Number of protein chains: 2
Amino acid sequence: MKGVTIEDVAREAGVSRQTVSRAINNKGEISPKTKAKVLSAIQKLGYTPNLQARSMVTQRTSTIGLIVGDIANPYFSSVARGLQDIARQHGYSVFISNTDDNADVEHQALKTMAAQRVDGIVLFSHELAAEKLMAFADTYRPIVLVNRNVQHPNIHHMAVDHGEGIRLAFERLWHLGHRNIGMLAPYQPARADISRRLAAFESEMQQRGLATTDNVVAAQPTFDGGYDAMLQLLDARHDLSAVLCYNDRMAIGALQACRELGRSVPNELSIIGFDNIRVSSMVTPALTTAAVDRYEIGRLAVEALVKLINNPDLQLERRIVPMSLVERDSVAAPAAILASNM
Amino acid sequence: MKGVTIEDVAREAGVSRQTVSRAINNKGEISPKTKAKVLSAIQKLGYTPNLQARSMVTQRTSTIGLIVGDIANPYFSSVARGLQDIARQHGYSVFISNTDDNADVEHQALKTMAAQRVDGIVLFSHELAAEKLMAFADTYRPIVLVNRNVQHPNIHHMAVDHGEGIRLAFERLWHLGHRNIGMLAPYQPARADISRRLAAFESEMQQRGLATTDNVVAAQPTFDGGYDAMLQLLDARHDLSAVLCYNDRMAIGALQACRELGRSVPNELSIIGFDNIRVSSMVTPALTTAAVDRYEIGRLAVEALVKLINNPDLQLERRIVPMSLVERDSVAAPAAILASNM
DNA sequence: GTGAAAGCGCTAACAT
DNA sequence: ATGTTAGCGCTTTCAC
């Protein structure tokens with residue numbers, strides 16, 4: 001443990017503590033000569049300012065908190081990376097806490113962040129009751145809440161536009177000439193991300209005067225779910241030329257089903273996933289998929305947070321994180337079109 | 001921002017600050033009645049102790065630092081999760097910092113941790129010069145250094161035994177009856193993990209009187225490297241019944257090569273990877289692979305650290321993290337043996 | 001341009 | 001069993 005304090009530096013340099021403080025923080029008037037003297041004393045003694053002590057008086061800790069479900073989840077770890085990079089650029093260190101989407105743990109994590117007096121919090125929380133969250137926000141500094149809506153002056157919002165991902169995917173298919181498009185998705189109206197993706201699909205279809213009977217199959221959002229649903233869908237609708245999937249795991253299951261059925265992807269059938277998980281680029285054919293830039297989520301969140309820390313009264317617009325379509329090898333023009341071009 | 005201090009609580013409860021402190025920390029004598037009074041005042045005011053202020057006097061911050069190459073790397077994010085879970089059990093919050101394996105950034109991260117006065121650091125560092133690391137350790141508290149050896153009283157060690165992973169894999173193959181075993185690995189003597197895995201393989205072979213000519217092929221540690229190397233290896237040695245790979249990516253490339261060659265895995269050929277990356281369980285056949293429990297690395301690291309924080313003079317033995325063989329579907333008894341059993 | 005005094009919120013040590 | 005005093009390391013305010 002190092003015991004070098006500002007006092008030691010002051011003595012070494014033959015000045016007062018305040019002068020050392022000025023040299024460190026580039027604040028107030030100080031002669032270049034004195035400053036150099038102080039800096040060399042700091043160097044000599046290996047002094048590192050004690051941020052805890054500083055924060056006692058400035059009421060700022062230069063720390064922020066990130067609360068996620070599970071940092072081992074690649075989604076969150078990418079968000080964390082983006083957040084940390086930008087936080088560091090702004091001079092903040094970051095505390096990370098995992099909740100496993102448990103309400104009590106979420107609450108506990110918030111309290112721990114408060115005890116550490118972090119300057120702001122980026123929060124992924126689905127479980128904590130809105131009133132508890134609001135009660136916490138009453139007593140605390142800015143919070144950036146992601147993918148959830150709880151109105152409070154200290155809570156600012158960021159969200160992924162799930163519908164946009166589906167729209168991008170749909171438009172790509174439409175543009176290529178697909179007219180018989182199906183979708184594989186779980187049926188859970190309570191889950192916002194699921195219902196939004198599904199609603200976006202139905203809305204795209206209806207806008208183009210396409211019927212949505214028989215071309216949506218519900219299943220678990222897993223590899224097996226996608227596999228089973230795909231068999232079922234192709235059985236009901238032989239004419240389908242493209243299938244959208246709620247997530248990549250289902251899409252990869254669907255790919256497997258096509259392989260076993262001998263339906264070539266993308267030549268006979270185009271498949272699009274959602275999320276861009278790691279495996280998506282490794283399956284054959286590599287999966288085209290709609291995705292958010294997760295690093296970008298972290299970046300945007302911390303930039304909003306820093307603004308709010310520096311200006312607590314600011315009211316930021318709900319920020320929508322853009323999505324994009326990662327184009328790989330599971331999508332092509334429908335076979336009919338290809339044939340007519342020959 | 002909440003302004004409730006211990007003073008406010010004391011006034012509300014009609015006691016002194018010290019009594020409040022005692023109630024919070026369960027230290028010293030305090031009558032149950034007073035304690036209850038204080039606790040209810042805390043509740044009423046929504047008081048949260050200021051850890052920064054506490055740490056000023058206790059010289060403990062209840063924080064630890066984790067410095068890794070990249071938290072978005074699933075390896076590190078699993079380590080981080082294990083570390084955070086156990087840290088929380090011990091009452092520590094954790095700062096995480098990424099270095100991208102850059103020496104300057106590693107140094108910077110250490111300095112930031114020092115400025116935050118973390119009580120201890122778990123460090124993954126390959127690049128920072130040993131002398132700079134030692135100079136830092138001179139001035140600081142306990143450091144647990146993973147997979148690297150820098151002798152210093154404040155630095156304690158933990159390492160993955162790469163050789164053990166290969167030994168486990170080799171023994172499994174041997175036990176099944178394999179006698180013609182090859183290996184795919186990069187050739188980079190400077191990288192400790194590579195040379196240890198290779199050395200372990202050669203040592204296992206020699207111990208059993210097996211020649212190691214022609215059955216090791218060097219290649220990049222990638223999917224393509226594994227693919228190419230496998231073609232080369234099978235061309236040179238038609239009799240091979242099993243192949244060990246430096247990592248899973250090479251192994252998955254090797255799997256692909258076998259598929260194209262029409263050599264069935266595991267019936268004609270057994271393949272074992274190393275690391276247990278996510279995809280390993282998703283390829284066909286699912287890959288048998290040697291792996292460290294990454295969560296366990298985090299757990300062990302923080303437990304060592306906590307011991308050291310509580311007893312700075314302790315000198316801990318270098319801790320070896322156990323490996324295990326994750327058995328899936330890419331390994332079977334050699335074809336010859338299966339045939340003779342029919 | 002520099003220094004002295006005050007105080008951030010808390011606990012250790014001593015007093016009562 | 002409870003209160004008082006002092007001080008952790010720093011910056012802010014106000015003198016000089």
Side-chain angles (χ1 to χ4, degrees), chain A residues 1-39 41-42 45-63 91 114-119 139-141, chain B residues 1-39 41-42 45-63 91 114-119 139-141:
Chain A
M1 163 60 197
K2 97 168 36 177
V4 186
T5 77
I6 201 171
E7 185 76 51
D8 300 325
V9 177
R11 199 174 316 120
E12 174 74 25
V15 297
S16 71
R17 291 181 310 197
Q18 297 62 23
T19 304
V20 176
S21 176
R22 282 181 193 113
I24 298 169
N25 300 297
N26 298 310
K27 258 186 190 169
E29 307 296 314
I30 184 170
S31 78
K33 210 197 294 181
T34 327
K35 184 166 177 179
K37 206 165 49 179
V38 171
L39 259 27
I42 288 177
L45 298 175
Y47 167 73
T48 311
N50 184 328
L51 262 34
Q52 311 264 328
R54 177 181 293 167
S55 75
M56 289 254 45
V57 18
T58 60
Q59 303 287 25
R60 292 273 198 105
T61 56
S62 297
T63 62
Q116 291 287 357
R117 298 294 193 270
V118 297
D119 293 336
T139 71
Y140 212 61
R141 306 170 208 226
Chain B
M1 163 58 198
K2 96 169 35 176
V4 185
T5 78
I6 200 170
E7 185 76 51
D8 300 325
V9 176
R11 198 174 317 119
E12 174 74 26
V15 298
S16 73
R17 289 180 312 196
Q18 186 49 231
T19 303
V20 176
S21 177
R22 281 194 266 262
I24 297 169
N25 299 298
N26 298 311
K27 258 185 191 171
E29 307 295 314
I30 184 170
S31 79
K33 209 196 295 179
T34 333
K35 184 165 177 179
K37 206 164 52 180
V38 170
L39 259 28
I42 288 177
L45 267 35
Y47 168 72
T48 311
N50 184 329
L51 262 34
Q52 310 264 326
R54 177 183 293 167
S55 76
M56 289 252 44
V57 20
T58 61
Q59 303 287 27
R60 293 272 197 104
T61 57
S62 296
T63 62
Q116 291 288 357
R117 298 293 192 271
V118 297
D119 292 336
T139 71
Y140 212 61
R141 307 171 208 224

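Small disclaimer: the values here were computed from a predicted structure and weren't measured.
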| Can you list the steps and then say if Val15(B) with Val20(B) is a side chain to side chain contact (heavy atoms under 4.5 Å, CB included)? | CA-CA 7 Å; Val15(B) 298; Val20(B) 176; 3.9 Å; yes
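No N or O donor and acceptor, one from the side chain of Arg117(B) and one from the base of dG9(D), sit under 3.5 Å apart.
Under 4.0 angstrom from either OP1 or OP2 of dT2(C) there lies no side-chain N or O belonging to Ser16(A). Checking the phosphate oxygens (OP1, OP2) of dC8(C), no side-chain nitrogen or oxygen of Asn50(B) falls inside 4.0 Å. Arg54(A) has a side-chain polar atom (N or O) that falls below the 4.0 Å cut-off from OP1 or OP2 of dT11(D).
Between the OG1 atom in Thr5(B) and the CZ atom in Arg17(B) there is a gap of 8.5 Å [rounded to 0.5 Å]. Atoms CD and NZ, from Glu12(A) and Lys37(A) in turn, are 11.0 Å apart once rounded to the nearest 0.5 Å. Here Arg11(A) contributes atom CZ and Ser16(A) contributes atom OG; the two are 13.0 Å apart, rounded to the nearest 0.5 Å. Here CG of Asn50(B) is found 9.5 Å from OG1 of Thr61(A). Values are rounded to the nearest 0.5 Å.
For the helix from dG1(C)-dC16(D) to dT16(C)-dA1(D), the terminal axes (five pairs an end, C1' atoms, rotation from four pairs onto the next four) enclose an angle of 40°, given to 10 degrees.
When the C1' atom of dG9(D) is taken as reference, atom CD1 of Ile24(A) falls 11 Å away, rounded to whole Å. The CD1 atom of Ile6(B) sits 14 Å away from the P atom of dT4(D) (whole-angstrom rounding). In this entry the distance linking CD of Gln18(B) with P of dA15(C) reads 15 Å, nearest Å. The distance from atom NZ of Lys37(B) to atom P of dG3(D) is 8 Å, rounded to the nearest whole Å. Look at CZ on Arg22(A): it is 10 Å from C1' on dT12(D), rounded to the nearest Å. The interatomic distance linking Gln59(A) (CD) with dC10(D) (P) rounds to 17 Å, in whole Å. dT11(D) atom C1' lies 13 Å from atom CG of Leu51(A), rounded to whole Å. Rounded to whole angstrom, the span from the CG atom of Asn25(B) across to the P atom of dG9(C) amounts to 17 Å.
Ser55(B) and Arg60(B) get closest at one heavy-atom pair: CB-O, 2.8 Å. The minimum heavy-atom distance linking Thr63(B) with Arg117(B) is given by the pair OG1-O, 4.3 Å.
Among the protein residues, Thr34(B) comes within range of the sugar-phosphate backbone only, with heavy atoms under 4.0 Å from sugar or phosphate atoms but none that close to a base.
When each of Ala53(A) and Val15(B) is assigned the nucleotide of DNA chain D with its nearest heavy atom, Val15(B) is the one assigned upstream, toward the 5' end.
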